[in-house]
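To start, the structure under review is shown below, and the notes come after it.
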Amino acid sequence: MQTIKGPALFLAQFIGADAPFDSWDSITRWAADCGYKGVQVPTNDPRILDLDRAAESQTYRDEFLGIARQNGVEVTELSTHLQGQLIAVHPAYDAGFDAFAPEALRGNPAARQAWAVDQVGKAIRVSGQLGLKAMATFSGALAWPYLYPWPQRAPGLVDAAFDTLAARWRPLLDLAEDHGVDVCYEIHPGEDLHDGVTFEMFLDRVGGHARANMVYDPSHYVLQQLDYLQHIDIYHDRIRMFHVKDAEFRPNGRQGVYGGYQSWVDRAGRFRSLGDGQVDFKAIFSKLTQYDFDGWAVVEWECALKHPEDGAREGAKFVRDHIIRVTPHAFDDFAASAVDPAAINKALGL
C-alpha cells in the first residue's frame, strides 16, 4: 500500500482579480501558507498558466514548475473542465456555455468545439511534458437534456449521443496514451458521464481505453443519492484522481434531488466545506488506501455558506488529519515464525 499524497488544493475557485489570487507566484505562496503541499491547476486563465506558451516553450514550463517549487508546492495535475465541457454541447446549452470560449468563437458551435479539442490536446501534451500522470476534465454532454424519460426518449437517441461522444474523445484518449497521461473525467451532473452506469456506457464505446479514467468526488454522489463507498469498490482501478469535497442532502416535504430550481443555499442538496457536510471521509480515505490509490487528495472548495479562504485553510488541516500513513508491516508480525513444513503437517494432522 501507499500513503495518499496531500493535501493539495484545486485553484479554480480561488483565482481572482485581487492579490494574492491574480498571479501564479502569489497564489502558490498563498496555498503553501494555508498548509498545502500541492496545487491542481486550471488551464483556462493565462495569468496562472498560459497553455499556448506552455505547449511551445520548455523555458516557460521550467519557470512554471520552478516558481511552484520555490513557493513550497508541487503541481499535482492540470484541469480542462471548461474546455472538456465544450467538446460536446447540446444546442439547448449553447448560450450558457458560450462564456467558456473566447469571445470571437461565441455563436459558432463548430469553431468552439474545434478550439476545445485543440485546448484539451495541448493540455494533454503539456501534462506529459511537465511529468504529470493525469489530467482532470469534463466529458461534455449531448444526452443530458433527456435525463428524465418524459417525454419518452426516441429509440436510439441515447446510443447515438454516446456514440458521438466517444468518437469525439477517442483521438484525445489515444493522444493521452502517447504522452503517458490519464484523462480523468469528473463524474458530475450536467455531463453525460454523471454516474457509474454512464461511465461504463462511454468506456464500452472507447474499447475500454486504458486512459479513460475518473476523478472521484463524493459530493456529487451525495447529491445523487449514490453509494459513494461502494463506488470505490467497483471502480477503484479507474479512479486516478480524488477531489475532497463535502456535501449534504436534506430532503423535505417540498423538495428532493432536483432542488426545485432554488439557489444553492436553499437546495435540499448542497455543497459544504470539509467537515460541515455528511460525507464519511474516514471511510473514503480507508478504502482508497486499501486499494492502493497513489494520487493526491485535492481539496475542491465549493460551499454555499462559508468564506472560501476559511474553507481553504480548514481544508488543508482536514485532509492532513485524514491521510492514513500506511503501515510497513502487519500488526501481528511480532508473533510470526519461520515456515516449518514438519510443524505445519503436525498441526493439520498430516
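Below, each value reflects all heavy atoms present in this structure, side chains not excepted, and no hydrogens, waters or symmetry copies.
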Any luck finding a side-chain donor-acceptor pair between [X] and [Y] under 3.5 Å?
X: Gln83; Y: Thr43; result: yes
X: Gln129; Y: His179; result: no
X: Glu248; Y: Gln278; result: no
X: Tyr291; Y: Asp237; result: no

Take the angle between the ring planes of Tyr146 and His90 and call it parallel below 30°, perpendicular above 60°, tilted in between.
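Judged by the thresholds at 30° and 60°, the geometry between Tyr146 and His90 is perpendicular.
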
With rounding to the nearest 0.5 angstrom, report the [atom1] to [atom2] distance, [X] to [Y].
X: Leu86; Y: Asp98; atom1: CG; atom2: CG; result: 8.0 Å
X: Arg168; Y: Leu142; atom1: CZ; atom2: CG; result: 5.5 Å
X: Phe318; Y: Ser273; atom1: CZ; atom2: OG; result: 10.5 Å
X: Gln85; Y: Tyr93; atom1: CD; atom2: OH; result: 9.5 Å
X: Met1; Y: Phe293; atom1: CE; atom2: CZ; result: 15.0 Å
X: Trp169; Y: Leu193; atom1: CH2; atom2: CG; result: 9.0 Å

Between [X] and [Y], is there shared hydrophobic-cluster membership here, with clusters defined by ILVMFWY side-chain heavy atoms closer than 4.5 Å?
X: Met214; Y: Tyr228; answer: yes
X: Trp301; Y: Leu11; answer: yes
X: Tyr221; Y: Phe10; answer: no
X: Leu9; Y: Phe242; answer: yes
X: Phe162; Y: Tyr185; answer: yes

So, Ser139 side chain and Glu191 main chain: donor-acceptor pair closer than 3.5 Å or not?
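A pair under 3.5 Å: no.
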
How about [X]: does its [atom1] atom have over 12 heavy atoms from other parts shown lying under 6.0 Å from it?
X: Arg153; atom1: CZ; answer: yes
X: Lys133; atom1: NZ; answer: no
X: Gln2; atom1: CD; answer: yes
X: Gln58; atom1: CD; answer: yes

Indicate yes or no: does [X] engage [Y] in a salt bridge with an N to O separation below 4.0 Å.
X: Asp246; Y: Arg272; answer: no
X: Asp22; Y: Arg47; answer: no
X: Arg29; Y: Asp33; answer: no
X: Lys287; Y: Asp280; answer: no
X: Lys37; Y: Glu74; answer: no
X: Lys5; Y: Asp294; answer: no

Run the numbers on Thr59 and Glu63 for side chain to side chain contact (heavy atoms under 4.5 Å, CB included), then give the verdict.
CA-CA 6 Å; Thr59 299; Glu63 290 174 351; 3.7 Å; yes

Quick one, Trp144 with His194, criterion ring pair (Phe, Tyr, Trp, His ring centres under 6.0 Å). Give me CA distance, side-chain angles, the key distance, then yes/no.
CA-CA 9 Å; Trp144 181 256; His194 60 269; 5.2 Å; yes

Flag the pair Phe97 / Phe100 as yes when their ring centroid distance falls below 6.0 Å, and as no otherwise.
yes

Centroid separation under 6.0 Å, is that true for the rings of Trp24 and Phe64?
yes

Using the ring of Trp264 (Phe, Tyr or Trp, six-membered ring only), decide whether Arg267 places NZ or CZ under 6.0 Å from its centre and within 45 degrees of its axis.
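Positive - Arg267 is close enough to the ring of Trp264 and near enough to its axis.
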
